[in-house]
Amino acid sequence: MPIYMDVHIVPGVKARGVAEAHHKDLMHQDEFACKCMTYWIDEERENVFCLIEAPSKEAVEELHGKAHGLIPNRIIEVSPDVVSSFLGRIYDPSEAETTDDGLKVFADPSFRTLVVIRTADPVLLQNKLGTERSYELLNRQNDTIRRNLLRHGGREVEHSGTGFILSFTSASKAVSCALAIKQEMQEYNDGASAVQVAINAGEPVEKSNHLFGDTLQLAGYMCAIAGNMQIVVASAVKELVAKDHFQIKGGGLLALSPQDEALLGFLFGNLEKNWQDAEFDIEDYCRAMAMSKSQLYRKTIQLTGLSPNILLKEFRLAKAKDLMRKNPYSISQITFESGFSSPSYFTKCFKKKYGLLPMAYLELLHQAIHFR
């Protein structure tokens, strides 16, 4: 049966009130073939997130409506393993105390600071350094990340082979961990492998249909504008660490403003919508952004360091490489799936960007070694 997470925005919410509402859910769950697994409550941010096994979203709404009348603002389907990776549990916290009247009362926020680390593509690194050296370097990077993650009390959410997603309850510890990883990597990396880091914070359910989808999406865009060994920090994270009296100072860190983030999301959001359309050009990009060519050029250069033309081309190339890793496409299929007008132009652009032909990349991909 599917598992859902919902969010309730409740002004003035308190832990005991949520415990009472959850108790009422438990009393009525069997009527709707549901199983109320746990919840998270954040009194400061005035929200509650419930985790429920249920036959449908409608059953979740009906259960809440019958039990206490608090209808969710949003519901998404989730994987319990992913929930556990981000939040550390899928049932009530073991340390929660039971009151004299039988309620488990706890205040456990779901807000997390996420560190997204992009490491080099193993195939490109193998082509550059050779199998033995690339294996050694990537495994050393993975060890560095995991050792510092353990030291700073974070959780490993995902290791894709080309990067990590790390989850922290503390923004200061997330930043400290990222800085420690960067400092250690700089001692041995010597520019051989490009590493970009982004730190963003948010809630598990917002606009996206994926857990922490909005937070991760912006972090991905932030990684795209990061220089090698640079850490890009979202404005929300900067505010959180300031509250903890933790100062973000230089050292290859770039702290974004809310205006930067809005522009970044708008720039890349329009690329996400249109990258597969070969007819989508700079004129279309200007219209989508509601900017003149000069405005778009100036703002894109200022934020990403790239012109709109190059940003669009590099975005398509990165997507093409993703397609090559996920699907057994021919070069011709990849060309048109990724918005390029001809295989010859795609091949030329790919070779210039990555240093090898697309067919050579595919061949190396099939022989690729795996990194732990």
Side-chain angles (χ1 to χ4, degrees), residues 1-10 13-68 70-114 149-150 153-158 165-170 173 201-206 208-213 215-216:
M1 195 154 55
I3 293 177
Y4 297 97
M5 180 173 281
D6 65 34
V7 54
H8 303 261
I9 310 300
V10 187
V13 67
K14 297 298 179 185
R16 180 169 180 90
V18 176
E20 291 171 347
H22 181 64
H23 181 69
K24 292 176 182 177
D25 282 332
L26 292 173
M27 290 174 60
H28 292 281
Q29 62 181 1
D30 292 343
E31 300 172 36
F32 301 92
C34 294
K35 179 183 177 182
C36 299
M37 300 168 69
T38 190
Y39 62 88
W40 290 260
I41 169 180
D42 191 331
E43 293 181 348
E44 181 182 352
R45 296 181 179 87
E46 300 185 319
N47 57 40
V48 181
F49 293 83
C50 302
L51 191 65
I52 302 177
E53 186 177 27
S56 66
K57 292 181 181 180
E58 290 74 21
V60 173
E61 291 180 339
E62 290 168 3
L63 166 60
H64 284 322
K66 174 77 177 288
H68 45 66
L70 295 173
I71 304 301
N73 295 77
R74 184 164 171 74
I75 306 172
I76 65 169
E77 186 173 347
V78 296
S79 158
D81 290 340
V82 176
V83 173
S84 181
S85 295
F86 277 109
L87 298 174
R89 62 182 181 85
I90 58 171
Y91 298 108
D92 291 347
S94 56
E95 67 275 13
E97 295 183 4
T98 303
T99 63
D100 292 339
D101 53 356
L103 292 178
K104 277 189 177 180
V105 181
F106 55 89
D108 183 22
S110 61
F111 191 88
R112 292 293 182 270
T113 300
L114 305 182
L149 176 65
L150 181 63
R155 301 184 60 85
E156 181 178 327
V157 175
E158 179 182 300
I165 298 173
L166 313 177
S167 175
F168 294 83
T169 57
S170 162
K173 288 183 179 179
E203 299 285 6
V205 181
E206 296 182 59
S208 171
N209 288 322
H210 302 285
L211 202 70
F212 287 98
T215 305
L216 289 172

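When reading the values below, keep in mind they use all heavy atoms of this one structure, side chains included, and skip hydrogens, waters and symmetry mates.
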**Asked** What's the verdict on side-chain contact (heavy atoms from CB on, under 4.5 Å) for D42 and E203, showing C-alpha distance, side-chain angles and the deciding distance?
**Response** CA-CA 10 Å; D42 191 331; E203 299 285 6; 4.3 Å; yes
**Message:** Apply side-chain contact (heavy atoms from CB on, under 4.5 Å) to residues N209 and R74 and explain how you reach the verdict.
**Reply:** CA-CA 10 Å; N209 288 322; R74 184 164 171 74; 2.6 Å; yes
**Request:** Carefully, step by step, assess T99 and R16 under the rule side-chain contact (heavy atoms from CB on, under 4.5 Å).
**Result:** CA-CA 10 Å; T99 63; R16 180 169 180 90; 4.2 Å; yes
**Request:** Any chance you could lay out the side-chain contact (heavy atoms from CB on, under 4.5 Å) test for C50 and H64, step after step, and finish with the verdict?
**Result:** CA-CA 10 Å; C50 302; H64 284 322; 4.1 Å; yes
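Applying the ring pair (Phe, Tyr, Trp, His ring centres under 6.0 Å) test to every pair with at least one member in residues 41-61, sequence neighbours left out, gives no pairs at all.
Two residues are said to be in side-chain contact when any heavy atoms from C-beta on lie closer than 4.5 Å; R112 and T169 meet this criterion. In this structure the side chain of E44 never reaches within 4.5 angstrom of the side chain of F111, judged on heavy atoms.
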Please tabulate, one pair per line, all N/O donor-acceptor pairs under 3.5 Å involving side-chain atoms of residues 82-94, not counting sequence neighbours.
from : atom 1 : to   : atom 2 : distance (Å)
S85  : OG     : D81  : O      : 2.9
R89  : NE     : D108 : OD2    : 2.9
R89  : NH1    : T38  : OG1    : 2.6
R89  : NH1    : Y91  : O      : 2.8
R89  : NH2    : Y39  : O      : 2.8
R89  : NH2    : D108 : OD2    : 2.9
D92  : OD1    : T38  : OG1    : 2.8

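When the shell of 6.0 Å around NZ of K57 is examined, it contains more than 12 heavy atoms from other residues, nucleotides or ligands. Open room surrounds NE2 on H23; 12 or fewer heavy atoms of other groups in view lie less than 6.0 Å from it. Heavy-atom contacts from other residues, nucleotides or ligands closer than 6.0 Å to CE of M27 number 12 or fewer. Atom NE2 of H28 has more than 12 heavy atoms from other residues, nucleotides or ligands within 6.0 Å.
Of all heavy-atom pairs spanning S208 and I76, the tightest one is O-CG2, 3.8 Å. Nearest heavy atom pair, residue G202 against residue T215, reads CA-OG1, 3.4 Å.
Taking E61 as the reference, nothing meets the salt bridge (Lys or Arg N to Asp or Glu O under 4.0 Å) condition, with sequence neighbours excluded.
Atom CZ of F32 sits about 6.0 Å away from atom CD of E62, to the nearest 0.5 Å. Between D25 atom CG and K66 atom NZ the span is 12.0 Å, to the nearest 0.5 Å.
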